[in-house]
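Encoded as structure tokens, the structure appears first; notes follow it.
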Amino acid sequence: SGKSCFYHCKNKRRKMKLNTRIAPSPTGDMHIGTARTAYFNWLAARSSGGTFLLRIDDTDLNRSDPACTQVIFDTMDWLGLDYDAFRYQSKNTSSYLHYANLACEDGKATIGDGGAIIMNPVNMPPSWKDEIAGTIPISQDDINIINQGLVLIKSDGSPTYHFASVIDDILCAINFVIRGVDHITNTSRQIAIYHAMTPIMDKWLKPRGISCKPPLYAHIGLIHKDKKKLSKRDGAASMLWYRDSGYDPDAMLNFMARMGWGPRVDDKTANLLPKERMLELFLTGGQMRNVSSNMDTVKLDWYNRKYKAKKIKQ
Ligand code: GLU
């Protein structure tokens, strides 16, 4: 089984304000995996006094669809996940270009064929630490890819996903990233970009009290349906389908909390965990997990009945 972590263990309670974000790409309906990642990041920020950012990762304008962005807003709204800041990556293109140009001036990147901006090799640490899985070695394959030159800005002037994501995380002072284990393979590349950019960004950010270093990463297990990947095109997996079918948003939050997170004391009384209770438990009274969860719709319906009955009584 997967390992879990974390804040409460070894009596080392991190008293850190966690600045988190949810960064969906508006290329399909918002599904339960993204909604759960949003909830976990929201819980981490809200229970530690940090900030929670909603970022729309829409640099790929051909694949980004405003209707999908609307679904993201509506889903956040339905679940009551409020955010302190909001940005569209597509409105930030000149900023990515600005920092990539500074990297060129600083000898950290080179202008290549067709005007693309390509990162020069950097010295990489042998590993990085995931908050759930622990030490993750950086493979020779990853080092080769990094040394061959990561593209920061494509020849059409648009940023790559890795570069835009890292620059935004730095500018927004993100220090904790919870996302699916499918992003583990991206992490070494993103750490490489941090290494190249730190001296450049620090010059601008230090005076504003922001320091540039990789965030803590926690990669959580994916949600599957009967051992198969949840498809974004699966109608039943679109969050608004649940809203429009009359599901209770608090039942949905409770259901999501029990996939990829578990309370320290996991008995029958730990099933009903409304948002207020989750705010108390999330960081110090339980653990995130990196094993897959099964989307058990019978369980969801059970939560739905419980929450609806509770609300009728009130
Ligand atoms: N935009 C990415 C996605 O939708 C998320 C990036 C991240 O969480 O680092 O998968």
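Here, residue 1 is the first one in the sequence, and each next residue gets the next number. Whatever order the structure lists ligands and atoms in, that order sets their numbers, starting from 1.
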Sub-4.0 Å heavy-atom approach of Gln190 to ligand 1: no
Donor-acceptor under 3.5 Å (Arg63 side chain, Gly28 main chain): no
Mode of Arg21 contact toward ligand 1 - side chain, backbone, both, neither (heavy atoms, under 4.0 Å): side chain
N or O contact, Asp57 vs ligand 1, cut-off under 3.5 Å: yes
Check: Ala23 N/O within less than 3.5 Å of ligand 1 N/O: yes
N or O contact, Arg55 vs ligand 1, cut-off under 3.5 Å: no
By ring pair (Phe, Tyr, Trp, His ring centres under 6.0 Å) - contacts of Trp204 (at least two apart): His98
Stacked cation flag Lys306 on Tyr303, 6.0 angstrom / 45 deg: no
Distance filter under 4.0 Å to Tyr161 heavy atoms, resulting ligand 1 atoms: 6 (C), 7 (C), 9 (O)
Side-chain H-bond candidate by donor/acceptor type, Asn101 with Glu105, under 3.5 Å: no
Partner set under ring pair (Phe, Tyr, Trp, His ring centres under 6.0 Å) for Phe86, not counting sequence neighbours: Phe73, Tyr88
